[in-house]
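No experiment lies behind these values; they were computed from the predicted model shown.
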Amino acid sequence: MKIGITGGIGAGKSYICQRLRTHGIEIYDCDTAAKRLIRSSAELRRQLTELIGTDAYVGDQLNKAAVTRFLLASKENAQAIDAIVHPAVFRDFEESGLQWMESAIIYESGIYRLVDRVVVVTAPEEVRIQRVMQRDGISSEQVRQWLQRQWPQEELQRRADYEIVNDGIADIDAQIDKLLETYKV
């Protein structure tokens, strides 16, 4: 059984994945994989350069400023980049042989189709805001802007098969044990 883990910014997906790793579970991180593939895949480099232009890369590194300008110019530009990067990540996950994945945009990207179950990590909005402010050193207004760009937590909860509440109060280990028991891991 393949299981995907998702959740909005500050919910604690990465923390839950760290806890799962202590149970010997290896987890494919879609964000890390995308960055690796953008840096190392000649095919992705060619496609992104054709799309964005010759300033898409500086040496071996993606030119974040140029890519950001391109992304923010239109919704179509963002979709064009996604149409290049997402399929590469999908293939890489399938080739990895791993059963678990972490993806912040599991539904938006369509990668949920590659898993049998989706686990959503949730936390109250104010808790999420405080976590991101501390982690990233940004204002609550900036965090709220990020939250507005993401799918509502309620929609993730509605679509997911399982929920882990990471509110700083609920027993995470007990929830993880129940998750592993539920899916016979």
Show the numbers, then the answer: is there a salt bridge (charged side-chain N to carboxylate O under 4.0 Å, His left out) between Arg131 and Glu125?
CA-CA 10 Å; Arg131 286 177 181 161; Glu125 185 172 298; over 6 Å; no
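- Linking Ile, Leu, Val, Met, Phe, Trp and Tyr whenever their side-chain heavy atoms come within less than 4.5 Å puts Val132 and Trp146 in one cluster.
- Between Arg128 and Leu147 the shortest side-chain heavy-atom distance falls below 4.5 Å.
- Annotation: side chain to side chain contact (heavy atoms under 4.5 Å, CB included) contacts of Val67 (sequence neighbours excluded): Ile52, Leu62, Leu71, Ile81.
- Val185 and Met1 fall within a single hydrophobic cluster, where Ile, Leu, Val, Met, Phe, Trp and Tyr are joined by side-chain heavy atoms under 4.5 Å apart, directly or via other members.
- Clustering ILVMFWY residues whenever any of their side-chain heavy atoms sit less than 4.5 angstrom apart, transitively, puts Val85 in a cluster other than the one holding Ile105.
- Counting heavy atoms from C-beta outward, Asp116 and Tyr183 have side chains that stay 4.5 Å or more apart.
- For the ring pair (Phe, Tyr, Trp, His ring centres under 6.0 Å) test, no residue two or more places apart in sequence or in another chain qualifies with Tyr57.
- Taking both residues in full, the closest heavy atoms of Gln175 and Ala170 are given as NE2-CB, 3.4 Å, listed atom of the first, atom of the second, then distance.
- Residues satisfying the salt bridge (Lys or Arg N to Asp or Glu O under 4.0 Å) criterion with Arg159, sequence neighbours excluded, are Glu155.
- Counting all heavy atoms, side chain and backbone alike, Gly59 lies closest to Arg45 at O-NH2, 2.5 Å.
- Defined by atom type and a distance below 3.5 Å, a donor-acceptor pair is present between the side-chain atoms of Asp92 and Tyr28.
- Residues passing the side chain to side chain donor-acceptor pair (under 3.5 Å) test with Ser40: none are found, sequence neighbours excluded.
- For the salt bridge (Lys or Arg N to Asp or Glu O under 4.0 Å) test, residues two or more places apart in sequence or in another chain that qualify with Glu50 are Arg46.
- Every side chain to side chain contact (heavy atoms under 4.5 Å, CB included) that Lys35 has, sequence neighbours left out, goes to Asp31.
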Please tabulate, one pair per line, all N/O donor-acceptor pairs under 3.5 Å involving side-chain atoms of residues 7-24, not counting sequence neighbours.
from  : atom 1 : to     : atom 2 : distance (Å)
Lys13 : NZ     : Gly7   : O      : 3.1
Ser14 : OG     : Glu102 : OE2    : 2.9
Arg19 : NE     : Asp173 : OD1    : 3.2
Arg19 : NH2    : Asp173 : OD1    : 2.6
Arg19 : NH2    : Asp173 : OD2    : 3.4
Arg21 : NH2    : Ile27  : O      : 3.4
Thr22 : OG1    : Arg19  : O      : 2.5

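- The hydrophobic cluster containing Ile3 does not contain Val89, counting ILVMFWY residues as joined when their side-chain heavy atoms lie under 4.5 angstrom apart, directly or transitively.
- The nearest pair of heavy atoms linking Met133 to Ile138 is CG-O, 3.2 Å.
- Contacts of Trp151 classified as ring pair (Phe, Tyr, Trp, His ring centres under 6.0 Å), with partners at least two apart in sequence or in another chain: Tyr107.
- Side chains of Leu44 and Leu37 form a contact here, defined as non-hydrogen atoms less than 4.5 Å apart.
- Residues Leu114 and Lys2 form no side-chain contact, since every pair of their non-hydrogen atoms from C-beta on lies 4.5 Å or further apart.
- Judged by distance alone, the side chains of Gln47 and Glu43 do bring a donor and an acceptor atom under 3.5 Å apart.
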List the steps, then state whether side-chain contact (heavy atoms from CB on, under 4.5 Å) holds for Thr182 with Lys178.
CA-CA 6 Å; Thr182 299; Lys178 186 169 188 213; 4.0 Å; yes
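- Residues meeting the side chain to side chain donor-acceptor pair (under 3.5 Å) test with Glu163, sequence neighbours left out: Thr122, Gln157.
- Take Glu26 and apply the side chain to side chain donor-acceptor pair (under 3.5 Å) test, not counting sequence neighbours, and it matches no residue.
- Cluster annotation: Ile176 is not connected to Val118 through the hydrophobic network of ILVMFWY side chains, with a link wherever side-chain heavy atoms come within less than 4.5 Å.
- Sorted by first and then second residue, the salt bridge (Lys or Arg N to Asp or Glu O under 4.0 Å) pairs with a member in residues 67-84 read Asp55-Arg69; sequence neighbours excluded.
- Considering only residues two or more places apart in sequence or on other chains, Asn77 meets the side chain to side chain donor-acceptor pair (under 3.5 Å) condition with Ser74.
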